Amino acid sequence: MRDQLPSGTEESRVADGDLPVLIWRKSSASDPDGCVEVALAGRGIRVRDSKRPTGPNVVFWPAAWNIFLHDLCGRPAGRTLR
């Protein structure tokens with residue numbers, strides 16, 4: 001069964017070299033001139049610039065990503081955001 005995408009997100013599937021196909025997601029509320037996209041990649045979360053889909057991307061460990069999201073949302077870390 002496929003995970004349900006959060007409301008207001010778009011999805012694109014892209015092969016990344018020898019890695020499995022990544023499912024890149026971005027918010028539909030993002031700026032038309034660009035935003036960041038995220039993809040689950042094994043045990044990490046990849047982040048890339050939507051204007052440069054073949055450019056470099058950054059990988060976060062889940063704990064670091066969770067702290068980042070909590071900080072971004074202004075909530076204390078410790079529980080998973082949904």
Side-chain angles (χ1 to χ4, degrees):
M1 184 172 171
R2 194 171 153 258
D3 289 339
Q4 188 76 21
L5 283 176
S7 176
T9 61
E10 297 176 10
E11 169 182 304
S12 64
R13 296 172 184 263
V14 178
D16 188 8
D18 293 332
L19 298 174
V21 172
L22 297 175
I23 301 172
W24 291 96
R25 297 176 177 163
K26 69 177 177 178
S27 171
S28 60
S30 62
D31 188 320
D33 292 328
C35 67
V36 296
E37 299 174 317
V38 297
L40 295 178
R43 296 186 321 186
I45 295 91
R46 289 184 179 226
V47 180
R48 72 178 182 185
D49 183 346
S50 65
K51 296 182 302 276
R52 298 180 58 206
T54 59
N57 55 74
V58 177
V59 181
F60 289 90
W61 289 109
W65 182 250
N66 194 33
I67 290 167
F68 167 73
L69 290 180
H70 278 89
D71 190 51
L72 185 67
C73 296
R75 298 180 185 168
R79 295 189 318 192
T80 303
L81 292 175
R82 295 191 191 271

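Bear in mind that the values here come from a model prediction, so they are computed numbers and not experimental data.
- Across all non-hydrogen atoms, the minimal contact from P62 to G44 is CD-CA, 4.5 Å.
- Applying the salt bridge (Lys or Arg N to Asp or Glu O under 4.0 Å) test to pairs two or more places apart or on separate chains, those with a residue in residues 51-68 are D49-K51.
- Note that the NZ atom of K26 and the OG atom of S50 stand 5.0 Å from one another [nearest 0.5 Å].
- Side-chain contact check for W24 versus N57: some heavy-atom pair is nearer than 4.5 Å.
- Using cut-offs of 30° and 60° for the angle between ring planes, the F60 and W65 rings count as tilted.
- Considering only residues two or more places apart in sequence or on other chains, A41 meets the side-chain contact (heavy atoms from CB on, under 4.5 Å) condition with L22, R46.
- Across every non-hydrogen atom of P56 and R48, the tightest pair is O-CB, 4.2 Å.
- With hydrophobic clusters built from ILVMFWY side chains whose heavy atoms lie under 4.5 angstrom apart, V58 shares a cluster with L69.
- Residues F68 and V47 share a hydrophobic cluster, clusters being chains of Ile/Leu/Val/Met/Phe/Trp/Tyr side chains in contact below 4.5 Å.
- For residues 58-72, no residue pair satisfies the salt bridge (Lys or Arg N to Asp or Glu O under 4.0 Å) rule, not counting sequence neighbours.
- Cluster membership check: L40 does not share its hydrophobic cluster with V59, using side-chain heavy-atom separations under 4.5 Å among Ile, Leu, Val, Met, Phe, Trp and Tyr.
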